[in-house]
Amino acid sequence: MTVSITQNKSLLKYVLFIWLIFVIILPTFNNILPFPLKLIFSTSQDWKIIGGYAGYFLLGYYLSKIDTQKISYKRLLIVFLSIIFVIALGTYFFTLKNRGAYDESFKLYTSLFVCILASTFFLLCQKAQEKYPIKLIKIFEFIVLSCYGVYLIHNLLILFFNRNIPYFIENKGTLAVFLLFILVSLTSILIIYLLGLIPTVGKYFTGVNQKVFYTKLNFLVKKNSN
């Protein structure tokens, strides 16, 4: 009988351990260390039992079971902001080292730094349930329903806006990147929610059962009408 990884705590921890070591930690050191040392941390593809992004789903499930009341909100926030600083600083210096060629070693989705950043942000959101009004929490829960669809569509929108809006064609600075992020995020969410309203096939765009989608939507409509 097949046992789900999430149903077996020991198996879940083992798979996460393998993923963290061979997909996150070793490749990160391999990317950022100089040539003589990086060979020590090089790994074979055969060790990558779990794909790079698949591990985040298991990590999210594991973190969701943690009792966040025992974790300090301030410490999480300090770690979160510190990692942002490390990623920004590391990216800056590695880009200089490459004579201006943009380097993403510190901000790869499977880098150790991004993994810590994502984990602390996830736990901060978990802690938010203890600090913020229920209405705000429900709004975030509704936004979460679009994550799967946004993940699938956002790159297409980035390419579309970069190639068709004059401002983004001519500007590539920090402000342009920030505005593009806002535009792509809002447009992606809007498109996914409109697709999610389509009967029968809506669940394939949102990644959740359509009944759940309508329940969250009705909650927000009733709250806003009051």
Side-chain angles (χ1 to χ4, degrees), residues 1-95 97-98 102-130 140-141 143-144 147-152 154-155 207-208:
M1 180 178 178
T2 303
V3 178
S4 170
I5 293 178
T6 56
Q7 293 176 343
N8 188 319
K9 192 173 182 179
S10 298
L11 179 60
L12 174 62
K13 288 182 177 180
Y14 172 75
V15 173
L16 276 176
F17 175 78
I18 295 296
W19 176 74
L20 286 170
I21 295 296
F22 293 101
V23 178
I24 301 295
I25 297 175
L26 293 182
T28 296
F29 286 114
N30 180 258
N31 285 330
I32 66 176
L33 291 176
F35 180 73
L37 293 175
K38 69 167 53 196
L39 295 177
I40 301 174
F41 299 95
S42 62
T43 59
S44 169
Q45 293 292 329
D46 296 336
W47 280 100
K48 296 184 179 181
I49 302 173
I50 288 188
Y53 302 141
Y56 278 110
F57 288 97
L58 296 178
L59 180 61
Y61 175 82
Y62 179 80
L63 293 176
S64 69
K65 301 302 179 182
I66 293 178
D67 183 6
T68 56
Q69 291 184 350
K70 300 178 180 179
I71 304 175
S72 168
Y73 184 88
K74 290 183 178 180
R75 288 182 181 178
L76 282 175
L77 189 59
I78 290 173
V79 172
F80 179 75
L81 295 176
S82 298
I83 290 296
I84 291 179
F85 177 76
V86 169
I87 292 174
L89 197 64
T91 301
Y92 173 75
F93 281 113
F94 269 57
T95 299
K97 183 180 177 181
N98 289 339
Y102 187 62
D103 189 286
E104 295 189 337
S105 298
F106 278 76
K107 60 184 290 290
L108 292 171
Y109 294 146
T110 53
S111 76
L112 177 61
F113 309 105
V114 172
C115 183
I116 296 174
L117 186 70
S119 299
T120 51
F121 182 73
F122 185 91
L123 292 173
L124 282 170
C125 290
Q126 291 280 89
K127 291 285 290 183
Q129 299 181 53
E130 306 166 10
F140 276 106
E141 287 181 357
I143 292 175
V144 166
C147 286
Y148 174 71
V150 169
Y151 168 73
L152 295 177
H154 78 283
N155 268 334
V208 297

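- Qualifying side-chain contact (heavy atoms from CB on, under 4.5 Å) partners for I71, counting only residues two or more places apart in sequence or in other chains: I66, L76, L123.
- Applying the 6.0 Å contact sphere to OH of Y102 captures more than 12 heavy atoms from other residues, nucleotides or ligands.
- Here the CD1-OG distance, from I83 to S111, works out to 9.0 Å after rounding to the nearest 0.5 Å.
- The number of heavy-atom neighbours closer than 6.0 Å to OH of Y73, taken from other residues, nucleotides and ligands shown, is above 12.
- Here V150 pairs with S146, H154, S188, I189, I192 under the side-chain contact (heavy atoms from CB on, under 4.5 Å) rule; sequence neighbours left out.
- Test L108, T91, I24, I87 against F113 for side chain to side chain contact (heavy atoms under 4.5 Å, CB included) and you get one pass: I87.
- Among residues two or more places apart in sequence or in another chain, the salt bridge (Lys or Arg N to Asp or Glu O under 4.0 Å) test is passed with K9 by none.
- T120 places no side-chain N or O within 3.5 Å of a backbone atom of V79 that could act as its donor or acceptor partner.
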*Could you please spell out the steps behind the side-chain contact (heavy atoms from CB on, under 4.5 Å) verdict for W19 and L59?*
CA-CA 10 Å; W19 176 74; L59 180 61; 4.1 Å; yes
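- Applying the ring pair (Phe, Tyr, Trp, His ring centres under 6.0 Å) test to residues at least two apart or on different chains, the pairs with a partner in residues 74-95 are F80-F121, F94-F106.
- The closest side-chain heavy-atom distance from L12 to L58 is below 4.5 Å.
- Here the CG-CD distance, from D67 to Q126, works out to 10.5 Å after rounding to the nearest 0.5 Å.
- In terms of heavy atoms, K127 sits closest to Q69 at NZ-CA, 4.1 Å.
- Within 6.0 Å of atom CZ in F122, more than 12 heavy atoms from other residues, nucleotides or ligands are found, so the atom counts as buried in its surroundings.
- Qualifying side-chain hydrogen bond (donor to acceptor under 3.5 Å, both in side chains) partners for S105, counting only residues two or more places apart in sequence or in other chains: D103.
- You'll find the side chain of Y56 reaches within 4.5 Å of the side chain of V114, heavy atoms only.
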*asked:* side-chain contact (heavy atoms from CB on, under 4.5 Å) for L20 and C115? Distances and angles first, verdict last.
replied: CA-CA 9 Å; L20 286 170; C115 183; 4.0 Å; yes
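- Residues passing the side-chain contact (heavy atoms from CB on, under 4.5 Å) test with I78, sequence neighbours excluded: S82.
- Rounded to the nearest 0.5 Å, atoms CG (L16) and CG (L11) are 9.5 Å apart.
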